[in-house]
Protein chains: 2
Amino acid sequence: MPTIRDIARKSGYSVSTVSRVLNHQKYVSEPAKTAIEAVIKQLDYVPNSLARDLSFGQNKNIGVVLPHNDHPYFNQLLNGIMDAAFSSGYHVVLLPSEYNQAVELDYLEQLKRKNFTALIFTSHGIALSVLAEYTRYGQIVCCEDPGTHHISAVYSHREPAYLAAFKYLKAHKAQQIGLLLSRNLAQSPTWIAVTNAYQQVFNCQPDSELMVGGMRSFEDGYRAAEQLVEKQPTLACYFTNGDDIAAGVRQYHLDHQLPTPLLIGQEKQLSSFLLQLPTIDHHFFTLGQKAFEVALSNHHQVCRFESEFILP
Amino acid sequence: MPTIRDIARKSGYSVSTVSRVLNHQKYVSEPAKTAIEAVIKQLDYVPNSLARDLSFGQNKNIGVVLPHNDHPYFNQLLNGIMDAAFSSGYHVVLLPSEYNQAVELDYLEQLKRKNFTALIFTSHGIALSVLAEYTRYGQIVCCEDPGTHHISAVYSHREPAYLAAFKYLKAHKAQQIGLLLSRNLAQSPTWIAVTNAYQQVFNCQPDSELMVGGMRSFEDGYRAAEQLVEKQPTLACYFTNGDDIAAGVRQYHLDHQLPTPLLIGQEKQLSSFLLQLPTIDHHFFTLGQKAFEVALSNHHQVCRFESEFILP
DNA sequence: CTGAAAGCGCTAACAG
DNA sequence: CTGTTAGCGCTTTCAG
């Protein structure tokens, strides 16, 4: 592989002049430029990114930590991030975590080693206070309300949409509501927001017997319905964390000659459109794009988007 | 940020000795090691990856080119790659292509610039001969039969499973078969393999009126069924490129009071299990793991796996 | 077991 | 407009 020095030597110019034409800088004479470009082409030269990155002090990678990739939340967020990254010539490095704190800490250490320019946590097992400590080594963005922690964040404000959804269910005379949610941690922000909204609308805590966590797909929804109907044969209403999950529930009811239940999806996937379900749009794609933008900026900032309850 | 020099100075040892303890090499006295580690801890030092990579001549990133990420083929393959990469301390860089040849060429150029150690093409728009030219700059792995091209490959041999599937349909007295496939290019290897198998079993070309490409999801299947049934109201059998797609077709039939059609899925997703559909397992996760392994190896190799037709 | 010194390939003052 | 030179921070011979 030829180096910039080879180009300099062979073209009769210095490395700095070569560097200038490489980076399309001003102050290069036409003849110099022409001669150097000819040699570059002739020697099939391309600059070495590793050297460039070292010299510049950072590379063009941004790490995206995500627990897994089979829920639309992560997919849509990731797509938004990739879209923005692609436009800016940055690379997205996928960092799987499974919510493992040791793994997440290791990613933070890698940020410190300058393996990435910035880190986006789509979700996390580790404490926000730990993330905050590492912001000195590079921009860190999380995708939830950071509260009092000094961390940049891009997230959607869900409560109002949840409230609207439960009001809708109440207006439709829902008696018992199956709650199909994401993480199994009762402490997750989503879980809390949902139960709060439920509380406000129905003036009571949701029945924990009717709550199921860990929902990711059509199949999960199918199984959860099976499980809940066994406990509560008259169950006819579900609040779910994804349109596909809702579709799975519906399928279970269809397959077992039960009346189609009242359903609410989330993520505004195509299935809610096809099946004419109410859904909640958290704008994850947009969120992802914004998260990337914040990741590249140097100052602390918090952006909140509003979730939307959408009728079919 | 302290550098290795700071550690050397403060500990009273030389940079090379510090480097040795950093890399757990032999030939370091106990006292030296202890003293140096103390200073490292005290100064909160971590080595800079950019410098390390330049010195070593390569980084620990492998690029994965994929057209999009909403088909299980790519998801499962990617999961396999990530699983293997994670175990070896490598990073996976996501490279979206949309089958755009200019974009793919740019990724190859980035390989040349040493932005990645290796490149895996899960699919590609660019010619295999072009990929072959770039193998001189780093390992390149493709996920299909490379034919006579000198490119490492990891792929599944699909024809026998396709044959078995069509024989199954024939045995079940299928008259007309809707063919729901992936890419719209009639030239794609999959498309060719499917029509070949069809040809062998039925002694005729599949009806192009009943072929639809670009299938990625449940919804796509739903829509395709709608479209095909319009053309051919008696259509009662579908060969699909994914279990979810098959599930979508089934849903359409259910929603329109049509008898449940004879279906064949692919990818062995959970939906085929739940809906008791025959499916084809191409072992994509395993393929992904192997593709990564080959990407790290230095010699040319081609690994073929066998797809399996699976009855419910 | 330890250290000096020469790179890795590029960028960016700074002096002409 | 062009060239010299000093880094960026680490690894790795090669002598001690």
Side-chain angles (χ1 to χ4, degrees), chain A residues 1-37 39-40 43-61 89 109-117 137-138, chain B residues 1-37 39-40 43-61 89 109-117 137-138:
Chain A
M1 291 270 83
T3 74
I4 195 173
R5 249 174 258 281
D6 297 320
I7 306 299
R9 199 168 13 241
K10 186 140 188 173
S11 66
Y13 286 88
S14 71
V15 288
S16 36
T17 304
V18 175
S19 177
R20 285 191 192 96
V21 342
L22 246 27
N23 298 295
H24 310 99
Q25 295 185 32
K26 282 188 71 178
Y27 307 125
V28 183
S29 66
E30 244 349 286
K33 192 177 166 191
T34 314
I36 289 173
E37 282 175 343
V39 177
I40 286 178
L43 263 50
D44 189 29
Y45 166 81
V46 288
N48 179 315
S49 298
L50 302 174
R52 213 170 232 194
D53 290 345
L54 173 60
S55 190
F56 187 54
Q58 62 172 45
N59 60 20
K60 291 204 146 209
N61 296 155
E109 283 293 322
Q110 294 185 30
L111 175 66
K112 189 164 161 188
R113 293 171 177 225
K114 298 195 175 298
N115 243 318
F116 324 110
T117 292
Y137 305 116
Chain B
M1 289 273 84
T3 75
I4 195 173
R5 250 174 256 281
D6 297 320
I7 306 299
R9 196 163 19 237
K10 186 140 189 174
S11 66
Y13 287 88
S14 71
V15 287
S16 34
T17 303
V18 174
S19 177
R20 285 193 192 95
V21 343
L22 246 27
N23 298 295
H24 310 101
Q25 296 185 31
K26 282 188 71 178
Y27 307 125
V28 183
S29 66
E30 244 351 286
K33 191 176 167 193
T34 314
I36 290 173
E37 282 174 342
V39 177
I40 286 178
L43 263 51
D44 189 29
Y45 166 81
V46 288
N48 180 314
S49 299
L50 302 174
R52 213 171 232 194
D53 290 345
L54 172 60
S55 191
F56 187 54
Q58 63 173 46
N59 60 20
K60 292 204 145 208
N61 296 155
E109 282 293 322
Q110 293 185 32
L111 175 66
K112 188 164 161 186
R113 295 162 117 98
K114 297 196 175 299
N115 244 319
F116 324 110
T117 293
Y137 304 115

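Remember, it's a predicted structure, so these values are computed and weren't measured experimentally. Here is the naming used below: chain letters follow the sequence lines, and residue numbers restart at 1 for every chain.
Within residues 48-61 of chain B, the residues having any heavy atom closer than 4.0 Å to DNA chain D are, in order of number, B:N48, B:A51, B:R52, B:S55. Within residues 16-23 of chain B, the residues having any heavy atom under 4.0 Å from DNA chain C are, by residue number, B:S16, B:T17, B:R20. Listed by residue number, the members of residues 2-11 of chain B with any heavy atom below 4.0 angstrom from DNA chain D are B:T3, B:I4, B:R5.
The side-chain heavy atoms of A:D44 and B:K112, taken from C-beta on, include a pair separated by under 4.5 Å. A:N61 places none of its side-chain heavy atoms less than 4.5 Å from the side chain of A:T117. Residues A:T3 and A:N48 form no side-chain contact, since every pair of their non-hydrogen atoms from C-beta on lies 4.5 Å or further apart. Considering only heavy atoms from C-beta on, A:R113 comes within 4.5 Å of B:P47 through its side chain. Counting only heavy atoms from C-beta outward, the side chains of B:N59 and A:L50 approach each other to under 4.5 Å.
With values rounded to the nearest 0.5 angstrom, B:I40 atom CD1 is found 11.5 Å from B:D6 atom CG. Between A:L22 atom CG and A:I4 atom CD1 the span is 5.5 Å, to the nearest 0.5 Å. Interatomic distance, CD of B:E109 versus CG of B:N115, reported as 11.5 Å (0.5 Å rounding). Annotation: the span from B:Y45 atom OH to B:I7 atom CD1 amounts to 6.5 Å, rounded to 0.5 Å. B:R5 CZ to B:R9 CZ: the interatomic distance, rounded to the nearest 0.5 Å, is 8.0 Å. Summarising the geometry, atom CG belonging to B:L54 is positioned 13.0 Å from atom CZ belonging to A:R52; distances are rounded to the nearest 0.5 Å.
Salt bridge A:K114/A:D53: absent, no basic N to carboxylate O contact under 4.0 Å.
To the nearest angstrom, P of C:dT2 lies 12 Å from NZ of B:K33.
Here the side chain of B:S11 pairs a donor or acceptor atom with the backbone of B:A8 at under 3.5 angstrom. Of the possible donor and acceptor atoms, one in the side chain of B:T34 sits under 3.5 Å from a partner among the backbone N and O of B:E30.
Checking B:S14 against A:Q25, the closest nucleotide of DNA chain C that is more toward the 5' end is the one next to B:S14.
For the helix from C:dC1-D:dG16 to C:dG16-D:dC1, the angle separating the two terminal helix axes comes to 40°, with each axis derived from five pairs and the value rounded to 10°.
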Result block: side-chain N/O donor-acceptor pairs under 3.5 angstrom for residues 14-21 of chain B, not counting sequence neighbours:
{"unit_1": "B:S14", "atom_1": "OG", "unit_2": "B:S16", "atom_2": "OG", "d": "3.1"}
{"unit_1": "B:S14", "atom_1": "OG", "unit_2": "B:T17", "atom_2": "N", "d": "3.4"}
{"unit_1": "B:S14", "atom_1": "OG", "unit_2": "B:T17", "atom_2": "OG1", "d": "3.3"}
{"unit_1": "B:S19", "atom_1": "OG", "unit_2": "B:N23", "atom_2": "ND2", "d": "3.4"}

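A 4.0 Å heavy-atom criterion places the boundary nucleotides of DNA chain D facing chain B at D:dG9 to D:dT12, written 5' to 3'.
When the side-chain nitrogen and oxygen atoms of A:Y45 are compared with OP1 and OP2 of C:dC10, one or more of them lie within a distance under 4.0 Å.
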